[in-house]
There are 2 protein chains.
Amino acid sequence: MTEPDAVPDLPWTVAAFAARTGVPPTTLRYWDDEGLLPAHRLDNGHRRYGPDDLPRLEMVRMCQGLGCTMDEVRLVLDAPDPAARARFAAEKLPEVLGRIELLRVAADVLRHVAVCEHTDATSCGAWMRSVLEPPGERPDLRAG
Amino acid sequence: MTEPDAVPDLPWTVAAFAARTGVPPTTLRYWDDEGLLPAHRLDNGHRRYGPDDLPRLEMVRMCQGLGCTMDEVRLVLDAPDPAARARFAAEKLPEVLGRIELLRVAADVLRHVAVCEHTDATSCGAWMRSVLEPPGERPDLRAG
DNA sequence: GCTTGACTTCGAGTCAACTCGAAGGTGTGC
DNA sequence: GCACACCTTCGAGTTGACTCGAAGTCAAGC
Ligand SMILES: [Zn+2]
Ligand SMILES: [Zn+2]
Ligand SMILES: [Zn+2]
Ligand SMILES: [Zn+2]
């Protein structure tokens with residue numbers, strides 16, 4: 001226990017929080033400056049993080065994974081009224097579902113490319129078809 | 001028929017191909033310069049595109065949707081031997097499957113946020129739980 | 001007191017993937 | 001011939017999200 005735990009609920013410095021979460025210290029400072037993940041401050045101005053900051057950090061990571069901009073992340077996490085947040089989520093949902101569908105097509109393509117022997121990628125009808133004809137039936141890509 | 005169809009199989013100028021595909025002319029030139037989608041050239045140096053260029057364009061779009069860098073797209077489309085391409089696809093597949101899984105979690109979260117009435121987003125256990133307790137390890141959500 | 005290491009701010013630099021602007025070539029209509 | 005639209009290249013600017021460097025502050029160990 002090298003920590004003096006002067007502030008019992010805020011055990012982590014920037015470096016410690018970075019080590020724990022995998023987010024670089026520079027990025028944590030940036031997120032604090034931008035209001036994405038506000039840090040607590042000691043009297044001397046040093047940043048401190050506590051367990052209560054972990055959920056928000058995970059939300060930031062997840063939102064990034066959705067391709068949200070930082071403005072959108074702030075909207076989700078700091079919307080003054082829940083209604084704005086709910087509206088945003090409702091608008092975002094179909095987009096996410098669409099992305100899932102596209103990724104499924106892409107996964108099929110990758111599965112075939114992994115075993116395809118065509119020299120020219122674009123000359124292989126097996127996966128060109130699935131890229132060019134998204135709606136409709138999906139032929140089995142694992143066949144040559 | 002204003003087209004003189006001097007080159008019957010290459011009917012489209014940059015602007016025409018842009019109009020047909022929705023990719024801006026500037027981007028088509030950029031993709032040509034970078035070797036992502038090489039254009040054919042007339043004797044006077046002008047770019048021309050034909051139907052044979054459509055599949056490759058769709059592949060470029062799809063790869064972008066996978067979050068591939070341009071280097072990776074070139075690797076998939078121009079790998080000197082099919083083996084390198086196949087290897088890349090095999091390595092990429094699990095990553096894509098992981099992304100699908102994460103997007104499914106995100107979709108669940110969005111579905112709840114759309115109806116949640118908590119003032120403080122991070123205080124709502126219902127979706128915090130799904131974010132913080134994913135079964136197994138978490139792949140990097142950021143595109144790549 | 002002095003060194004060491006981690007912290008602070010702020011301004012500038014980096015990166016990918018475009019996107020724009022200037023200067024000039026090309027070709028069709030009148 | 002000349003206007004005009006569209007093409008060319010090349011270099012520079014933009015955007016978002018970091019990432020770094022310099023200059024200074026703070027606390028512990030010797
Ligand atoms: Zn906190
Ligand atoms: Zn094939
Ligand atoms: Zn072609
Ligand atoms: Zn809720």
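A, B, ... follow the sequence lines: proteins, then strands. Residue 1 opens every chain. Predicted model, so just to flag it, every value in this text is computed and none were measured.
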Presence of salt bridge, A:Asp53 and A:Arg48, under 4.0 angstrom:
no
Euclidean distance, atom CD of residue B:Glu34 to atom P of D:dT9 [Å, nearest integer]
13 Å
Heavy-atom side-chain contact between B:Thr69 and B:Gln64 under 4.5 Å
no
Please encode protein proximity along nucleotides 8-13 of chain C as a string of B, S and -, counting only heavy-atom distances under 4.0 Å.
BB----
Starting at CH2 of A:Trp31 and ending at P of D:dT19, how long is that distance when rounded to a whole Å?
10 Å
Length of the line joining B:Tyr30:OH and D:dT14:C1', which is rounded to integer Å:
13 Å
Is any side-chain N of the basic residue among B:Asp32 and B:Arg41 closer than 4.0 Å to the acidic one's carboxylate O?
yes
D:dA17 OP1/OP2 closer than 4.0 Å to side-chain N/O of A:Thr27
no
Mark yes when over 12 heavy atoms from residues, nucleotides or ligands other than A:Asp43 sit less than 6.0 Å from its CG; otherwise mark no.
no
Over how many whole Å does the gap from B:Gln64 atom CD to C:dA16 atom P extend?
15 Å
For B:Ala15 and for A:Cys68, find the nucleotide of DNA chain D with the closest heavy atom, then tell me which residue's nucleotide is more 5'.
B:Ala15
For B:Val23, run the side chain to side chain contact (heavy atoms under 4.5 Å, CB included) check against B:Val60, B:Leu37, B:Leu57 and tell me which one passes.
B:Leu57
List the residues meeting ring-ring contact (aromatic ring centres under 6.0 Å, His included) with B:Phe17, not counting sequence neighbours, and say none if there are none.
B:Trp12, B:Tyr49
Length of the CG-C1' vector between A:Leu42 and D:dT25, whole Å
14 Å
A:Pro24 side chain, from C-beta outward: closest of D:dC18, D:dT19, D:dA17
D:dT19
Whole-Å distance between D:dT8 P and B:Asp43 CG?
14 Å
Mind calculating the distance between CG (A:Asp71) and C1' (D:dT15) to the nearest angstrom?
12 Å
Determine yes or no for a side-chain-to-main-chain donor-acceptor pair under 3.5 angstrom, with A:Arg111 supplying the side chain and A:Ala106 the backbone.
no
Does D:dC7 have OP1 or OP2 under 4.0 Å away from a side-chain N or O of B:Thr13?
yes
Quick one: B:Leu10 CG to D:dC7 P, roughly how many Å, whole number?
15 Å
